[in-house]
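Report on the following structure.
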Amino acid sequence: MFSRLRSDIQCILDRDPAARTAWEVLTCYPGLHALVLHRRAHWCWSHGFKWLGRFISHVSRWLTGIEIHPGAQIGERVFFDHGMGIVIGETAQIGEGCTIYHGVTLGGTSLYKGAKRHPTLGRDVVIGAGAKVLGGFEVGDGAKVGSNAVVTKPVPAGATAVGNPARIIQAEQDAKREEVASKMGFSAYGVTQNDDPLSQALRGLIDNAAGQEHQIAMIWQALEQLCAQQHMAMPGDAAKRETFEADKFNELVGK
């Protein structure tokens with residue numbers, strides 16, 4: 001018990017720059033308190049003391065602001081950063097080394113009793129502040145969910161889910177991470193510096209439209225030369241110059 005508590009304290013010291021001493025973490029971190037109480041509640045739940053498990057869970061929610069159903073399974077070195085407003089459902093499973101920020105919901109969409117209604121998080125998953133992960137699917141090892149994302153389908157290992165509804169961004173080996181985040185071993189709030197698929201698609205359409213306008217302008221310029229040789233008049237509305245401002249549109253999409 002004490003070795004696991006030391007491990008929990010150390011993982012908070014490793015991941016939270018604001019944590020200064022083990023005593024501060026032990027006495028002032030509600031995420032740690034919620035985990036300790038959950039283990040008692042989960043033991044009671046697993047050994048048939050259902051009401052007592054729920055009561056301990058209820059007291060923990062009142063003390064810490066974190067609601068964890070006693071039936072949920074939580075691995076080692078899990079860190080609830082700030083923690084206020086976290087809700088974890090009965091059939092949720094959280095792997096080792098996960099980081100979950102405040103306001104996160106690991107909820108269910110099914111009403112069938114006994115079914116796997118809540119998500120399973122792999123190892124070292126990061127769930128950003130305010131994110132909602134809803135359903136009995138799996139979030140793969142090392143995946144990240146951006147702040148306020150709403151995830152209703154599986155997330156592959158190493159990928160990032162952002163937006164509402166969440167879009168999946170596959171991890172890239174050469175992506176540069178925040179220097180501080182890389183030293184700490186996770187990306188704060190599950191954000192990414194890569195473009196999401198929707199932005200990439202819009203930029204592709206913009207570049208294609210700009211290319212077509214360039215080709216049309218070249219055709220009109222060639223026709224102008226032919227008309228001059230044949231002493232013919234050009235249409236007054238001929239688009240001999242490009243007016244499509246692709247750079248400005250790409251800049252707006254980037255924002």
Atom CD1 in Ile88, atom CD1 in Ile100: separation rounded to 0.5 Å?
5.0 Å
Please evaluate residues Arg15 and Thr99 with respect to the criterion side chain to side chain contact (heavy atoms under 4.5 Å, CB included), reporting the C-alpha separation (whole Å), side-chain torsions for both, the decisive distance (0.1 Å), and the verdict.
CA-CA 9 Å; Arg15 295 188 225 175; Thr99 302; 2.7 Å; yes
Residue pair Met218 / His214, side-chain heavy-atom distance below 4.5 Å
yes
Atom of Val125, atom of Gly142 and distance for their closest heavy-atom approach:
CG2-N, 4.2 Å
Can you label the angle between the Phe55 ring and the His58 ring as parallel, tilted or perpendicular, going by 30° and 60°?
tilted
Would you call His118 and Leu106 a side-chain contact if the rule is heavy atoms closer than 4.5 Å?
no
Kindly say whether Leu134 contributes a backbone atom to a donor-acceptor pair with the side chain of Thr152 at under 3.5 angstrom?
no
Taking every heavy atom of Phe79 against every heavy atom of Cys11, the minimum-distance pair comes out as CB-SG, 4.4 Å
Between the main-chain N or O of Arg167 and the side-chain N or O of Lys153, is there a donor-acceptor pair closer than 3.5 Å?
no
Does any non-hydrogen side-chain atom of Ile9 lie less than 4.5 Å from one of Leu26?
yes
Determine whether Asn164 and Asn148 satisfy the following criterion, side chain to side chain contact (heavy atoms under 4.5 Å, CB included), listing intermediate values before the conclusion.
CA-CA 8 Å; Asn164 179 11; Asn148 296 316; over 6 Å; no
Quick one: which of Glu90, Arg40, His38 gives a side chain to side chain contact (heavy atoms under 4.5 Å, CB included) with Trp45?
Glu90
Closest non-hydrogen atom pair, Gly122 against Asp141
CA-OD1, 3.2 Å
Please answer whether the main-chain N or O of Gly71 pairs with a side-chain N or O of His69 as donor and acceptor at a distance below 3.5 Å.
yes
Can you list everything that forms a salt bridge (charged side-chain N to carboxylate O under 4.0 Å, His left out) with Glu67? Sequence neighbours excluded, please.
Arg61
Using only atom types and a distance under 3.5 Å, with no angle test, would you say the side chain of Thr64 pairs donor to acceptor with the backbone of Ile66?
yes
Let me confirm one number: the CE-CD1 distance from Met84 to Ile86, rounded to the nearest 0.5 Å.
10.0 Å
Closest non-hydrogen atoms of Gly128 and Tyr101, given as atom of the first, atom of the second and distance, are C-CB, 4.0 Å
Main chain of Ala72, side chain of His42: is a donor-acceptor contact present, judged purely on distance under 3.5 Å?
yes
What closest approach, in Å, do Pro119 and Val133 show between heavy atoms, and which atom pair accounts for it?
CG-O, 3.6 Å
